[in-house]
Amino acid sequence: MAEVKLDDIVSLAKRRGFIFQGSEVYGGLAGTWDYGPLGTQLKRNIMQLWWRMFVEDRDDMVGVDAAILMNQKVWQASGHVDTFTDPLVECGNCHARLRADKLADPNTCPACGKQGTFSEPRQFNMMFETKIGPTAQEVHLRIPAEAIKQQLDLAEDGMVSIDVSRIPGIPVSTDVVYLRPETAQGIFTNYKNVVDTLYPDVPFGIAQQGKAFRNEISPRDFIFRSREFEQMEIEYFVNPDQWESAFQDWVQRVHEWCEALGLPEDKVHELEVPENDRAHYSKRTIDFEYDYPIGREELLGLAYRTDFDLQNIEKASGKSMQYRPKDGSAPFVPHVIEPSFGVERALMAVLCAAYTEDEVHGEKRVYLKLPPHLAPVKVAVSPLLKNKPELVAKANEVFALLKHECGAVLWDDNGNIGKRYRRQDEIGTPFCVTVDFETIENNSVTIRSRDTTEQQRVAIEELATELHKQGI
RNA sequence: GCGGGUGUCGUAUAACGGCUAUUAUCCCAGUUUUCCAAACUGGUGACCGGGGUUCGAUUCCCCGCACCCGCACCA
């Protein structure tokens, strides 16, 4: 089979209402994506599958849903305020971007060797800022001249800086807060709440799904890297001397997850991240990568975060993060295994894995071979001919029945029957049910399979059972 | 963010400093059709945005926005 091209998937996603560019009618906004009717359903199905596998089907997991806006101290304690802000300079000669604080010689470009060509250092902060309280919309205000004079601060370079927040009458808020760049901290900040209310036995995990925001310099590759994205994260709290076995267990769980997404095993790869590439908090990290059309890229990460976060919170808040085992053994601060999943990256992998081209009766066919439990539409119901009232009436009965039994069922009487099958194939509908003249005679319908294009005839009373049997 | 390129119906495209902006497909309505994109009729739908040059700009120029490629970035 020919290699899948990302453009084909982007095009299909747009054509059929899965994914649109954010703010498209106004020319778009880089790094944002909107989900249409089918994309929303597909994304929900992926997130629900995750929640079921990792929370509901286990007895050692609970969920939280923390606020996106968090106290500044969260990001100071976590290290994000320091590590997310890098002073960068640019070489005027070769345009290399370099960390100003890591230059051996602040005058010489290590990339091209030129001297004295650096720009002024600029701060690049990956966190989105916003402000608590109303902010100034309009700076042309009438204010007493004396108030400004008092705030004038003549700097040595001849520039003037004014702290406008200290001038009465200017409604400027300086209470900066960040949109969370990861959901993990919302779990750590609630660790104590969960322990105090439920007191679960260690090991236990706290799971969360939700939006995170990163001010990427250059969002690219469809939904792979965007400025607003959705994470599904677990912080799994363990006794420090058991982290390795817990880590190994999560490696296995992650593979099960990939399998449930329908990702081919040979396209999922483990990358042991070497120490110098790991995040500041991590003692061990495995990146799970997927062979996307854009190359082998990170699908999700599994990190051993030690007690880095809980210790930081303990220091910054003064509150104890100690866990006291019920058997009376010595208290400890739990260590953490963190499987961190990106929803969009999973969704993109699912689309890439599902995108299939084949031939039916000599015609090229494009379809999404989605696992039935992920498909946004489970079953489409059609009358064989839409201008025969008796077929339409009967098909409506079947539609109502299946709608009740299978949920995401679609009515389709567009064009002719072959066209409908192709339309449904393209959005990944696993089965089409067709009402024909034989239905009128003996109450049987055909179920046509997306993957094989073959049909089987079943009695209407058996229909729901048969579909359930096939994974609907 | 830097350098280069691109921007025309949902998708894929054609042409043009000047008449109602082309074609295919998709989509919508109808005729027809007894199971895999048949045919026919009709219909909706686009020059990325803002300035400038010009009698007149989708076309030329400038700025912005978006996308693509390369670099850098991705704790």
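Heavy-atom basis, side chains included; hydrogens, waters and symmetry copies ignored. Note on naming: letters A, B, ... go to the chains in the order of the sequence lines (proteins, then strands), and numbering restarts at 1 for each one. What you are looking at is a predicted structure, and each value in this text was computed from that prediction instead of being measured.
When Watson-Crick and G-U wobble pairs are counted only if both distances are under 3.5 Å, B:A14 pairs with no nucleotide at all. Searching all strands for a Watson-Crick or G-U wobble partner of B:G70 with both distances below 3.5 Å returns B:C2. Pairing for B:U59 is absent, with no Watson-Crick or G-U wobble pair whose two atom distances lie under 3.5 Å. Under the Watson-Crick and G-U wobble criteria, each requiring two contacts below 3.5 Å, nucleotide B:U53 is left unpaired. For B:A39, the paired nucleotide is B:U31, the pair qualifying as Watson-Crick or G-U wobble because both relevant distances are below 3.5 Å.
At most 12 heavy atoms of other shown residues, nucleotides or ligands fall within 6.0 angstrom of atom CD in A:Glu265.
Taking the C1' atoms as reference points, B:U20 lies 15 Å from B:A46, given to the whole Å. Separating the P atom of B:U33 from that of B:C69 is a span of 50 Å, rounded to the nearest Å. The C1' atoms of B:C71 and B:C19 are separated by 49 Å, rounded to the nearest whole Å. If you take atom P in B:U25 and the same atom in B:C68, they sit 29 Å apart, rounded to whole Å. When the P atom is compared between B:G50 and B:C9, the two are found 16 Å apart, to the nearest whole Å. B:C47 sits 11 Å from B:C16 when the C1' atoms are compared, rounded to a whole Å. Rounded to whole Å, the separation between the P atoms of B:G7 and B:U32 comes to 46 Å. To the nearest whole angstrom, the two P atoms, one in B:C48 and one in B:G10, are 12 Å apart.
The side chain of A:Ser218 lies closest to B:G1 when the candidates are B:G1, B:C67, B:C74. Closest to the side chain of A:Arg214, out of B:C71, B:A37, B:C74, is B:C74. Listed nucleotides B:A75, B:C35, B:A37 differ in distance to A:Arg457; the shortest reach to its side chain belongs to B:C35. Taking only side-chain atoms of A:Glu363, from C-beta outward, the nucleotide of B:A66, B:C27, B:A37 with the closest atom is B:A37. You'll find that the side chain of A:Glu216 is closest to B:C73, out of B:A75, B:C73, B:C26.
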Strictly under 3.5 Å: I want the nitrogen or oxygen pairs between protein and nucleotides 9-11 of chain B, one per line.
{"from": "B:G10", "atom 1": "O3'", "to": "A:Lys14", "atom 2": "NZ", "distance (Å)": "3.4"}
{"from": "B:U11", "atom 1": "OP1", "to": "A:Lys14", "atom 2": "NZ", "distance (Å)": "2.8"}

Distances under 3.5 Å between nitrogen or oxygen atoms of protein and nucleotides 29-34 of chain B:
{"from": "B:U33", "atom 1": "O4", "to": "A:Asn387", "atom 2": "OD1", "distance (Å)": "3.4"}

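Both A:Ala30 and A:Ser449 sit near RNA chain B, but only A:Ser449 has its closest nucleotide nearer the 5' end. Along RNA chain B, the nucleotide nearest A:Tyr281 and the nucleotide nearest A:Asp221 are compared for position; the residue whose nucleotide lies closer to the 5' end is A:Asp221.
Backbone-only engagement by A:Arg423 is indicated by non-hydrogen atom pairs under 4.0 Å involving sugar-phosphate atoms exclusively. Using a 4.0 Å heavy-atom cutoff across all strands shown, A:Thr446 reaches at least one base atom of the nucleic acid.
Within 3.5 Å, a donor on the side chain of A:Arg448 pairs with an acceptor on the base of B:C36, or the reverse. Donor-acceptor pairing under 3.5 Å, judged by distance alone, is absent between the side chain of A:Tyr26 and the base of B:C65. For A:Gln455 against B:C35, a side-chain N or O and a base N or O form a donor-acceptor pair under 3.5 Å.
For A:Gln21 and B:A66, the shortest distance from a side-chain N or O to OP1 or OP2 is not below 4.0 Å.
With rounding to whole Å, A:Asn215 atom CG is found 14 Å from B:A75 atom C1'. In this entry the distance linking CZ of A:Arg220 with C1' of B:A66 reads 13 Å, nearest Å. Following rounding to the nearest Å, A:Leu12 (CG) and B:A12 (P) show an atom-to-atom distance of 12 Å. Following rounding to the nearest Å, A:Asp412 (CG) and B:A37 (C1') show an atom-to-atom distance of 12 Å. At whole-Å resolution of the value, CZ in A:Arg422 and C1' in B:C35 are 12 Å apart. If you take CE of A:Met127 and P of B:A75, they are 14 Å apart, rounded to a whole angstrom. The CG-C1' distance, from A:Leu391 to B:C35, rounds to 12 Å in whole Å. As rounded to whole Å, 15 Å separates atom P of B:C67 from atom CD1 of A:Ile19.
A side chain to side chain donor-acceptor pair (under 3.5 Å) check over residues 291-303 of chain A, counting only residues at least two apart or in different chains, returns the pairs A:His269-A:Asp291, A:His269-A:Arg296, A:Asp291-A:Arg296.
In this structure the side chain of A:Lys394 never reaches within 4.5 angstrom of the side chain of A:Glu390, judged on heavy atoms. Side-chain contact between A:Gln424 and A:Arg448 is absent, with no heavy atoms from C-beta onward closer than 4.5 Å. With a 4.5 Å cut-off on side-chain heavy atoms, A:Tyr236 and A:Met61 count as touching. Proximity of A:Gln185 to A:Arg180: side-chain heavy atoms (C-beta onward) are nowhere separated by under 4.5 Å.
Taking every heavy atom of both residues into account, A:Ala303 and A:Thr285 meet most closely at CB-OG1, 3.8 Å.
A:Glu466 and A:Lys469 are joined by a salt bridge, as a carboxylate oxygen and a charged side-chain nitrogen come within less than 4.0 angstrom of each other. Between A:Glu182 and A:Arg214, none of the side-chain N atoms (NZ, or NE/NH1/NH2) sits under 4.0 Å from a carboxylate O, so this pair counts as no salt bridge.
Checked by atom type, the side-chain pair A:Asn442/A:Ser444 shows a donor-acceptor distance below 3.5 Å.
Figure legend: A:Arg227 and A:Phe128 shown without cation-pi pairing, the cationic atom not lying both under 6.0 angstrom from the six-membered ring centre and within 45 degrees of its axis.
The aromatic rings of A:Phe54 and A:Phe341 sit tilted, their planes meeting at an angle between 30° and 60°.
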